[in-house]
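See below for the structure under consideration.
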Amino acid sequence: MDLASMKISDIALVIKVPQPEGSICHFSNRSESGLIFVESGRLFYEHEGRQYLSDCDHALFVPKGINYTLKCLEKSMSYVVNFNLASEGPCETLFSFDSGPSQRLLAQLDRMNIIWTFRKQSYELRCMSLLYDLLAILDEKKPRKYLPKYKYDRIACSIQYMESHFDSPGITNEALAAASEISTVYFRKLFMEKYGVPPMRYIRQKRIEKAQALLKNGYSSITGVAESTGFSSIYHFSKAFKLATGITPTEYLRQFNLKTASVKKPPQ
């Protein structure tokens, strides 16, 4: 999960929750996304046959819309921060993050809980600032991918070619590998080491980001956006866009236009 690119539209809840040992809770169709930080004890979250640990060393991201079971193995105290994402992607599982133990995290959460509880002036802005700080702390703890310079040099021409042609319909792994005069298998291996995702998935992400910017700014029709971002058809564009954002380009454009209209609407 890319914490650095996460955009929060609003915070729904900040609360400190005690859990007795042995308690079991079932949740259906979670209404918001959330982060769980355990101050003491251990919690297990079960989702689609997998278990995820949340303790003082591991924070947990729980996505909106899923069903899961929470089991408390030890008497615990945890912070729960629920929020809505500006763009709900196709996230369908939980993610565990190395969080510590971190006194800085707990101090931030305690402060955030107090601000949310008493709700003085500007409490939402203060909580939003603290939440982004929490995300930054978690992101800093993530291990960084490192690709030795000699390996990066082997795919430098491919990267340059990709950046210049990412919106060309005919771009392929084979064409990218040929730019660096290496095999497709070796190119994919080095690219994965550097970026953590396959080349064509990375390109698709960049195409969708460009498409969102074009739709927001009204520079073209949906068909025009599909063509200018390298998709072979509006069908493939719509399918990829919905997979990445959770909604179709038409729905995205309609939602953005509604938001813009509500902002411009004069007071009654």
Side-chain angles (χ1 to χ4, degrees), residues 1-17 30 32-45 47 50-64 66 76-116 122-149 151-152 155 159 163 190-198 201-202 205-206 208-209 212 244:
M1 165 162 282
D2 186 5
L3 292 172
S5 64
M6 187 178 287
K7 293 180 175 59
I8 314 297
S9 62
D10 62 88
I11 299 174
L13 177 69
V14 181
I15 193 169
K16 193 173 184 179
V17 182
R30 200 177 204 280
E32 298 97 14
S33 297
L35 284 168
I36 316 297
F37 300 86
V38 172
E39 183 180 57
S40 60
R42 287 191 304 160
L43 301 173
F44 272 101
Y45 289 73
H47 172 62
R50 294 188 61 184
Q51 286 193 337
Y52 302 82
L53 171 66
S54 183
D55 60 11
C56 62
D57 292 314
H58 301 88
L60 198 68
F61 171 78
V62 187
K64 177 179 179 179
I66 69 165
S76 71
M77 185 68 73
S78 60
Y79 292 92
V80 179
V81 183
N82 290 344
F83 49 86
N84 291 296
L85 296 173
S87 177
E88 297 285 354
C91 182
E92 298 178 351
T93 190
L94 293 83
F95 288 89
S96 180
F97 301 99
D98 179 11
S99 61
S102 172
Q103 291 305 312
R104 181 184 171 193
L105 269 174
L106 293 176
Q108 294 279 74
L109 286 160
D110 190 56
R111 184 182 175 200
M112 192 174 178
N113 181 48
I114 291 172
I115 292 172
W116 185 266
S122 303
Y123 77 96
E124 291 174 303
L125 292 173
R126 293 185 183 279
C127 284
M128 187 71 78
S129 175
L130 288 168
L131 177 54
Y132 274 112
D133 198 31
L134 290 173
L135 293 174
I137 294 170
L138 290 176
D139 189 60
E140 289 165 1
K141 290 179 177 290
K142 287 169 56 180
R144 294 300 170 191
K145 298 183 184 299
Y146 172 71
L147 190 65
K149 186 178 184 302
K151 286 188 174 182
Y152 181 80
I155 62 171
I159 301 304
E163 291 173 351
L190 294 182
F191 192 96
M192 283 284 292
E193 287 184 36
K194 174 66 177 176
Y195 294 98
V197 294
R201 185 185 303 175
Y202 181 86
Q205 289 172 354
K206 295 303 175 186
I208 296 300
E209 288 172 10
Q212 287 177 299

If we ignore hydrogens and angles and just use 3.5 Å, is the side chain of [X] paired with the main-chain N or O of [Y] as donor and acceptor?
| X | Y | value |
| --- | --- | --- |
| Tyr152 | Lys194 | no |
| Ser54 | Leu43 | no |
| Ser33 | Lys64 | yes |

task: Could you go through the side-chain contact (heavy atoms from CB on, under 4.5 Å) check for Leu135 and Leu35 one step at a time?
output: CA-CA 10 Å; Leu135 293 174; Leu35 284 168; 3.7 Å; yes
Provide the closest heavy-atom pair for [X] versus [Y] in the form atom of the first, atom of the second, distance.
| X | Y | result |
| --- | --- | --- |
| Cys127 | Ile115 | SG-CG2, 3.7 Å |
| Met128 | Asp10 | CE-CA, 3.9 Å |
| Ser76 | Arg42 | CB-N, 4.1 Å |
| Tyr52 | Leu60 | CB-CD1, 3.8 Å |
| Asp98 | Asp57 | OD1-O, 3.3 Å |
| Glu32 | Phe83 | CB-O, 3.4 Å |

task: Measure the CG-CG distance between Leu138 and Leu105 for me, rounded to the nearest 0.5 Å.
output: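 The CG atom of Leu105 is 5.5 Å from CG of Leu138, to the nearest 0.5 Å.
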field: Stepwise side-chain contact (heavy atoms from CB on, under 4.5 Å) test for Leu106 and Gln103
entry: CA-CA 5 Å; Leu106 293 176; Gln103 291 305 312; 4.3 Å; yes
- prompt: Should Leu3 and Phe97 be marked as a side-chain contact (heavy atoms from CB on, under 4.5 Å) after you check the CA-CA gap, both sets of side-chain angles, and the distance that decides it?
  reply: CA-CA 10 Å; Leu3 292 172; Phe97 301 99; 3.8 Å; yes
task: Measure the shortest side-chain to side-chain distance between Met6 and Asp139 over non-hydrogen atoms and say whether it is less than 4.5 angstrom.
output: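 No, their side chains stay 4.5 Å or more apart.
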message: Which residues pass the ring pair (Phe, Tyr, Trp, His ring centres under 6.0 Å) test with Tyr79, not counting sequence neighbours?
response: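 Once residues adjacent in sequence are excluded, Tyr79 has no partner under the ring pair (Phe, Tyr, Trp, His ring centres under 6.0 Å) criterion.
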Test side-chain hydrogen bond (donor to acceptor under 3.5 Å, both in side chains) applied to Gln212 - qualifying residues, sequence neighbours left out: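 Partners of Gln212 under the side-chain hydrogen bond (donor to acceptor under 3.5 Å, both in side chains) test: none.
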field: Residues forming a side-chain hydrogen bond (donor to acceptor under 3.5 Å, both in side chains) with Gln51, sequence neighbours excluded
entry: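 side-chain hydrogen bond (donor to acceptor under 3.5 Å, both in side chains) list for Gln51, sorted by chain: Glu46.
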- request: Evaluate the criterion side-chain contact (heavy atoms from CB on, under 4.5 Å) for residue pair Tyr123 and Ile11; output intermediate values, then yes/no.
  value: CA-CA 11 Å; Tyr123 77 96; Ile11 299 174; over 6 Å; no
task: Anything under 30° is parallel, anything over 60° is perpendicular, the rest tilted; go ahead and classify Tyr202 against Phe191.
output: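 Perpendicular.
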- prompt: Is Arg30 atom CZ crowded by more than 12 heavy atoms from other residues, nucleotides or ligands, each under 6.0 Å away?
  reply: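 Yes, the 6.0 Å shell around CZ holds more than 12 heavy atoms from other groups.
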